Structure formats: C-alpha cells, structure tokens
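Only one structure is covered here, and it is reproduced in the block below.
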Amino acid sequence: MSVTDEVIATNQPYAQNFTLGNLALPPARKLAVVACMDARLTVEPVLGLKTGDAHIIRNAGGIVTDDVLRSLILSHHLLGTQEFIVINHTDCGMLTFRDEDLQAKLETETGAAPTVPSRFFAFSDLEKNVRQQVRRIQSHPWIPKKIPVRGFVYDVKTGRLQEVAAAQARRKAG
Ligand SMILES: [Zn+2]
C-alpha cells in the first residue's frame, strides 16, 4: 500500500464524522497566512486556527512569489481578509543550498534546462528573508496600506513564534 493509498483510506472515517459542511467561504477570522511548507510546521495548531478561520498559503520557504501575491490579493479583495502573517522557521531547507548550484545540478542530471521555475528563492539569512517577504506584500499596489503584515520565525525545536521586527524599526533601535 502506498502512502497515498494509506492517507486516502483515512478519508472515509473522516467523512463519516464530518460536521463542517456549513462553513462560510470567507475566512471567519479574516486572516491570511503565508508559511513554509515544512512538514514540522502545522500552521493551524501553532496559531490556534480552526477550519474556516483563515487562508493558509504555503510553499517552499514561505516566499511571496507572484502566485502568493495572486492568492493574497484574491484573499483580501474577494474574500475579505484584513490581516496578513508571514511565517518562516528555523532549520529551513531553503537555507541549505544556493539557487545556482541546484539549477546546475538538475541541468546536469536531467540534461534539460527548463524556463520554469525561474528561481528556487533559496536564502541564507532567515530574518532578512522574512522582512523581504513582508516588504513584497506591503509594497504591492493592490494590497491596501492599512492591512497589517507581520513576519515571524517559528522555532521547530520549541514550537515558539518570534516576531521579526521591521527593518526600519530595527535601525532606529540600534
Ligand atoms: Zn522551510
């Protein structure tokens, strides 16, 4: 039995006990979260969110790509979310390589040089990466300035979230 078969098999008892069929389409707590796909980070319990509460947008690194912006813009304008959170985490796989090395390796191994993905968005500084993602969201002209966008690092060893101060506040403080 493949893992896919195993996990699909658990859907049957899940559906038998299902009670969430009447949730509204817009997220109840008007929140959207951008987070890394890391398997050790389960966003809902970390933030005390229930099904129907928030949009959770995940990818490798919790990077604000074009597609994440697409989702956030839809999340706010069509589905009414009013606050955004970005979550990266300690020990992220994106800290372990460089884009150009992986690209070269894959090209060598496969003999193909596809145009997508154009980048992997590996990074070497966790907090700097969080700040960059927050800025990407804040600076988009279709995302209203009144929307709070806050960035956090999740510690996979302790379960704690640490807020990443904005770059400007940091400079003033230092
Ligand atoms: Zn990660």
Side-chain angles (χ1 to χ4, degrees), residues 2-4 6-8 10 27 29-76 79 81 83-110 112-140 143 147-170:
S2 71
V3 175
T4 303
E6 283 172 20
V7 296
I8 295 306
T10 67
R29 296 178 76 182
K30 301 184 192 300
L31 174 71
V33 181
V34 178
C36 183
M37 68 183 187
D38 194 282
R40 297 162 294 180
L41 166 60
T42 39
V43 174
E44 289 85 343
V46 164
L47 298 179
L49 295 169
K50 298 197 299 284
T51 306
D53 276 352
H55 285 144
I56 315 284
I57 304 155
R58 303 189 65 170
N59 62 24
I63 304 295
V64 178
T65 58
D66 286 2
D67 195 64
V68 167
L69 285 168
R70 177 184 72 87
S71 297
L72 288 174
I73 289 163
L74 293 172
S75 176
H76 171 69
L79 293 162
T81 54
E83 295 182 39
F84 296 160
I85 292 175
V86 174
I87 303 178
N88 284 190
H89 63 93
T90 57
D91 198 36
C92 186
M94 301 295 282
L95 292 159
T96 65
F97 70 98
R98 294 191 318 160
D99 272 33
E100 47 275 38
D101 297 338
L102 181 59
Q103 255 147 359
K105 175 172 140 47
L106 292 171
E107 284 183 24
T108 305
E109 279 176 12
T110 64
T115 54
V116 288
S118 60
R119 287 183 62 185
F120 288 104
F121 295 99
F123 52 84
S124 55
D125 184 326
L126 196 51
E127 295 198 359
K128 191 173 148 198
N129 187 65
V130 171
R131 273 188 220 106
Q132 204 169 33
Q133 307 321 310
V134 167
R135 265 200 310 275
R136 265 186 206 151
I137 298 171
Q138 286 172 331
S139 62
H140 197 283
I143 294 178
I147 293 199
V149 187
R150 291 166 65 182
F152 297 82
V153 170
Y154 174 77
D155 187 327
V156 296
K157 294 276 184 239
T158 66
R160 268 180 219 289
L161 282 172
Q162 180 93 47
E163 184 152 16
V164 177
Q168 272 175 336
R170 224 164 202 248

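Predicted model only: the values in this text are computed from it and were never measured. Counting starts at 1 for both ligands and their atoms, in listed order.
The closest side-chain heavy-atom distance from Y154 to T90 is not below 4.5 Å. Residues V34 and I56 are not in side-chain contact: their nearest non-hydrogen atoms beyond the backbone lie 4.5 Å or more apart. Looking only at side-chain heavy atoms (C-beta outward), T81 and L31 stay at 4.5 Å or farther from each other.
Around the Zn ion (ligand 1), the protein N, O or S atoms closer than 2.8 Å are C36 SG, H89 NE2, C92 SG, listed by chain and residue number.
Ion pairing between a basic and an acidic side chain is recognised when a charged N comes within 4.0 Å of a carboxylate O; E44 and K50 show no such pairing. Comment: R40 engages D91 in a salt bridge, judged by a side-chain N to carboxylate O separation of less than 4.0 angstrom.
Listed for the R136 side chain is no donor-acceptor partner under 3.5 Å among the backbone atoms of T65.
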